[in-house]
Amino acid sequence: MAENASERRVVVGVDGSQSSYEALRWAVRYAGLVGGTVDAVAVWELPGLYGWSAPAVDMDVDEDETRRKMSQELTDVLGADAVGSVRTHVVHGNPADVLLRAAEGADVLVVGSRGRGGFARALLGSVSQHVSQHASCPVVIVRLQKQ
């Protein structure tokens with residue numbers, strides 16, 4: 001996903017959770033301050049797919065649906081004018097692994113503190129905890145602001 005080695009690149013994970021929307025807003029603000037670009041990464045996977053000899057569903061449909069949802073979410077979170085400044089990537093795989101690969105050579109990786117799964121009282125989700133321990137760049141974990 002690295003475009004140009006000299007550009008300042010901010011990678012942010014977007015999974016449809018409110019926490020990831022806060023991370024996206026933070027990433028866009030930070031990139032604006034440092035003159036960088038934002039790579040928003042959405043990861044899709046089919047639960048239980050591994051170990052099967054063939055996928056039970058059309059994988060292209062799931063990828064297309066993820067792209068459609070991501071586009072709508074970016075517009076809703078950032079507004080139509082700001083969406084064009086964010087490069088989007090939809091990747092199939094394990095979320096933590098995909099984000100770690102995407103963040104190679106980045107200035108920073110930004111994730112929400114908790115994604116769509118997990119326990120409501122957990123301070124960190126499994127993906128944010130994993131990338132914070134294994135990323136090759138600094139990681140910013142953005143918590144959801146209490147209303």
Side-chain angles (χ1 to χ4, degrees), residues 1-5 7-34 36-78 82-83 85-146:
M1 284 179 212
E3 302 289 326
N4 178 351
E7 77 179 345
R8 303 203 61 179
R9 197 166 56 90
V10 178
V11 175
V12 59
V14 180
D15 68 0
S17 67
Q18 291 299 316
S19 184
S20 77
Y21 297 160
E22 289 293 328
L24 177 62
R25 290 182 191 101
W26 192 96
V28 168
R29 284 191 305 268
Y30 179 79
L33 292 172
V34 300
T37 59
V38 176
D39 286 331
V41 179
V43 181
W44 67 278
E45 63 181 339
L46 299 173
L49 175 65
Y50 303 104
W52 287 74
S53 61
V57 296
D58 184 353
M59 291 177 61
D60 290 335
V61 171
D62 291 316
E63 182 177 1
D64 293 342
E65 179 67 10
T66 302
R67 285 185 192 286
R68 186 193 64 71
K69 283 182 179 177
M70 183 178 193
S71 176
Q72 184 60 51
E73 289 170 355
L74 291 178
T75 300
D76 292 347
V77 172
L78 300 175
V83 169
S85 67
V86 176
R87 297 184 298 212
T88 61
H89 306 276
V90 175
V91 182
H92 176 259
N94 173 277
D97 293 340
V98 169
L99 289 172
L100 289 171
R101 281 194 311 271
E104 290 175 4
D107 276 23
V108 65
L109 170 59
V110 185
V111 293
S113 59
R114 287 186 302 110
R116 295 165 61 104
F119 300 98
R121 292 189 195 147
L123 293 176
L124 288 179
S126 60
V127 173
S128 57
Q129 185 171 10
H130 186 83
V131 299
S132 71
Q133 295 171 354
H134 299 283
S136 60
C137 65
V139 176
V140 173
I141 300 172
V142 180
R143 293 193 57 173
L144 184 60
Q145 298 297 317
K146 292 193 179 197

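The analysis underlying the following values was restricted to heavy atoms, covering all of them including side chains, and did not include hydrogens, waters or symmetry mates.
- Here the closest non-hydrogen pair linking A135 and V139 is CB-CG2, 3.4 Å.
- Scanning all heavy atoms of the two residues, the minimum distance from S113 to S128 falls at O-OG, 3.0 Å.
- Between atom CG of residue L109 and atom CG of residue D39 there is a gap of 11.0 Å, rounded to the nearest 0.5 Å.
- Take S136 and apply the side chain to side chain contact (heavy atoms under 4.5 Å, CB included) test, not counting sequence neighbours, and it matches E104.
- Across all their heavy atoms, G112 and S19 have their closest contact at CA-OG, 3.1 Å.
- Between D64 and R68, the closest side-chain pair of non-hydrogen atoms is not below 4.5 Å.
- With sequence neighbours excluded, the residues satisfying side chain to side chain contact (heavy atoms under 4.5 Å, CB included) with A96 are N94, V127, H130, V131.
- Screening R9, R87, R8 for a side-chain hydrogen bond (donor to acceptor under 3.5 Å, both in side chains) involving T37 leaves a single residue, R87.
- The main-chain N or O of R67 is never found under 3.5 Å from a side-chain atom of S71 such that the two would form a donor-acceptor pair.
- Nearest approach of P138 to D107, heavy atoms of both residues: CD-O, 3.3 Å.
- For Q72, the side-chain hydrogen bond (donor to acceptor under 3.5 Å, both in side chains) test picks out D76, with sequence neighbours left out.
- Considering only residues two or more places apart in sequence or on other chains, Y30 meets the ring-ring contact (aromatic ring centres under 6.0 Å, His included) condition with W26.
- Every residue was checked against the salt bridge (charged side-chain N to carboxylate O under 4.0 Å, His left out) condition with R29, not counting sequence neighbours, and none meets it.
- Within the model, atoms NZ of K69 and CG of L74 stand 14.0 Å from one another, a figure rounded to the nearest 0.5 Å.
- Each of V12, V77, V110 was checked for a side chain to side chain contact (heavy atoms under 4.5 Å, CB included) with R25, and the lone residue meeting it is V77.
- In this structure the side chain of S132 reaches within 4.5 angstrom of the side chain of I141, judged on heavy atoms.
- When every heavy atom of A40 is checked against every heavy atom of L24, the shortest pair comes out as CB-CD1, 4.5 Å.
- Scanning both residues, A27 and V38, for their nearest heavy atoms gives O-CG2, 3.7 Å.
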